[in-house]
Amino acid sequence: MSKIISLISGIIFGVGLTISNMINPAKVLGFLNFFDQWDPSLIFVMIGAILISAPFFFLFRNKSKPLFAEIFSIPKIKTIDSELIVGSSLFGIGWGLVGFCPGPAIASLALVNEYAVFFLISMFGGFFLTSLVNYK
Amino acid sequence: MNIINFTPISAFAGGTIIGLAVVVFFIGNGRLAGISSITDNLLTSKQGRGDNFLFLIGLVVGPIIFLFSTTNEIPFFITNSLPLIIAGGLLVGIGTKVARGCTSGHGICGIARSSLRSIVATVLFMITAILTVAIIGIK
């Protein structure tokens, strides 16, 4: 059952990225172009997603297990460390260069665009380089 | 600053659908729908490999279902500058792995869980992304 849930969750997520057009790097860059010609849409995507999901995180906070798995897999780190700060800052620079973050980059495989594939390969390269310095 | 191309209704509607995906994955499998972590885990870990793989397959199937169920096209434009693509991809890969999350994991799931780490991460990557676009422009 957990496998079906994973597939369905992914499909719903992909439909959401498509309907909001966040799958489109140009749309995302429109949001990041804050000081010139600004498209605030991305904020509305985040607000919609957070409004729907936050109540469920709250309601399930004391539940011992999810419906179809043994445990909740939630990050245990709580500290604001240098890795969070440096990593997020670097991610933002890359996001601003192309307008792609991991979700849309993978979902856009549906559109068969060679530059999106080059981006994904580079992103995997970034994961790999980071793991070389023994980071996990 | 001028406001252009603003599509609040489709943005909010798409956002609530993404929120639904986050809810299903969380209450069903106890997992957070953070795409960078799911992808990195699929590439580097045997744990949960089937779930990670199927989630990402779904992520690609979603837009395909949209294409087959409507007559609408999906607006899509990406730069064709390979140096930008390669630098952007590398930085997104390194940054999200070191920060343990991206727009979905920190920006949506983390903020919805009121995680201070995720709020800090989201503010930071928004600032550096906006500054990057302000400096180099849109190619």
Side-chain angles (χ1 to χ4, degrees), chain A residues 2 5-7 9-16 18-20 24-26 29 32 34-35 37-39 41 44-45 48-50 52-54 56-57 66-69 72 83-84 87-98 101-103 106-107 109-110 115 118-119 122-123 126-127 130, chain B residues 1 4-5 7-8 11-12 14-19 21-25 28-30 35-36 40 51 54-55 58-64 66 75-78 84-86 88-99 102-104 108 112-113 121 124-125 128-130 132-134 138:
Chain A
S2 87
I5 294 289
S6 297
L7 180 66
S9 307
I11 291 173
I12 301 172
F13 204 113
V15 170
T18 307
I19 288 177
S20 61
N24 180 6
L29 287 177
L32 298 176
F34 180 76
F35 292 111
Q37 307 263 314
W38 190 43
D39 172 1
S41 303
F44 279 61
V45 179
I50 291 166
I52 294 291
S53 54
F56 288 89
F57 285 122
L67 299 177
F68 305 110
F72 283 105
E83 287 167 358
L84 183 81
S88 298
S89 302
L90 292 178
F91 162 47
I93 296 171
W95 194 32
L97 289 179
V98 180
C101 51
I106 289 175
L109 284 175
Y115 292 98
F118 294 149
F119 180 92
S122 308
M123 188 178 96
F127 289 155
T130 312
Chain B
M1 181 224 294
I4 60 159
N5 298 333
T7 53
F12 188 79
T16 59
I17 293 168
I18 291 171
V22 169
V23 169
V24 172
F25 202 42
N29 290 354
I35 315 284
S36 61
D40 181 43
D51 284 304
L54 286 168
F55 185 97
L59 199 56
V60 180
V61 170
I64 295 174
F66 178 90
F76 186 84
F77 179 80
I78 183 170
L84 271 187
I85 294 267
I86 291 167
L90 282 172
L91 284 167
V92 168
I94 294 167
T96 56
K97 180 149 178 155
V98 171
C102 59
T103 341
S104 49
I108 293 174
R113 294 172 53 236
L124 277 175
F125 66 65
T128 58
I130 287 170
T132 301
V133 170
I138 292 177

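Values below: all heavy atoms of this structure, side chains included; hydrogens, waters and symmetry mates excluded. Reminder, nothing fancy here: chain letters follow the sequence lines and each chain counts from 1.
With respect to chain B, the highest number of heavy-atom pairs below 4.5 Å among Cys101(A), Ala69(A), Gly16(A), Ala54(A) belongs to Gly16(A). For the options Ser20(A), Ala49(A), Gly103(A), heavy-atom pairs under 4.5 Å to chain B are most numerous at Ala49(A). Listed options Asp51(B), Leu90(B), Ile86(B), Ile108(B) were ranked by heavy-atom pairs under 4.5 angstrom with chain A; first place goes to Asp51(B). Comparing Cys102(B), Pro75(B), Gly19(B) by heavy-atom pairs within less than 4.5 Å of chain A, the highest count is held by Pro75(B). Ranking Leu84(B), Asn5(B), Val92(B), Thr96(B) against chain A, the residue ahead of the rest is Val92(B), based on heavy-atom pairs under 4.5 Å. Annotation: maximal heavy-atom pairing with chain A below 4.5 Å, among Gly15(B), Gly95(B), Gly14(B), occurs at Gly15(B). Heavy-atom pairs under 4.5 Å with chain A peak, among Gly62(B), Ala112(B), Ala134(B), Ser104(B), at Ala112(B). The candidate with the highest count of non-hydrogen atom pairs below 4.5 Å against chain B, out of Leu109(A), Asp39(A), Leu90(A), is Asp39(A).
Between the OG atom of Ser89(A) and the CG atom of Leu91(B) there is a distance of 11.0 Å, given to the nearest 0.5 Å. Atoms CG and OG, from Leu54(B) and Ser6(A) in turn, are 6.5 Å apart once rounded to the nearest 0.5 Å. Note that CD1 of Ile85(B) is 8.0 Å distant from OH of Tyr115(A), once rounded to the nearest 0.5 Å. Remark: Phe55(B) CZ to Ser9(A) OG distance equals 6.0 Å, nearest 0.5 Å. Taking CZ of Phe12(B) as the reference point, atom CD1 of Ile17(B) lies at 11.0 Å (rounded to 0.5 Å).
Contacts of Thr132(B) with chain A are made by side-chain atoms alone, with heavy-atom separations under 4.5 Å and no backbone atom involved. Within the 4.5 angstrom heavy-atom criterion, atoms from both the backbone and the side chain of Ala121(B) approach chain A. Residue Phe76(B) touches chain A through both its backbone and its side chain, counting heavy-atom pairs closer than 4.5 Å.
For Ile138(B), the side-chain contact (heavy atoms from CB on, under 4.5 Å) partners are Leu29(A), Asn33(A), Val133(B), not counting sequence neighbours. Applying the side-chain contact (heavy atoms from CB on, under 4.5 Å) test to Val23(B) and every residue at least two apart in sequence or in another chain returns Ile52(A), Ser53(A), Phe56(A), Ile27(B).
Using the six-membered ring where Trp is involved, Phe91(A) and Trp95(A) have ring planes that are parallel, under 30° apart on the 30 and 60° scheme.
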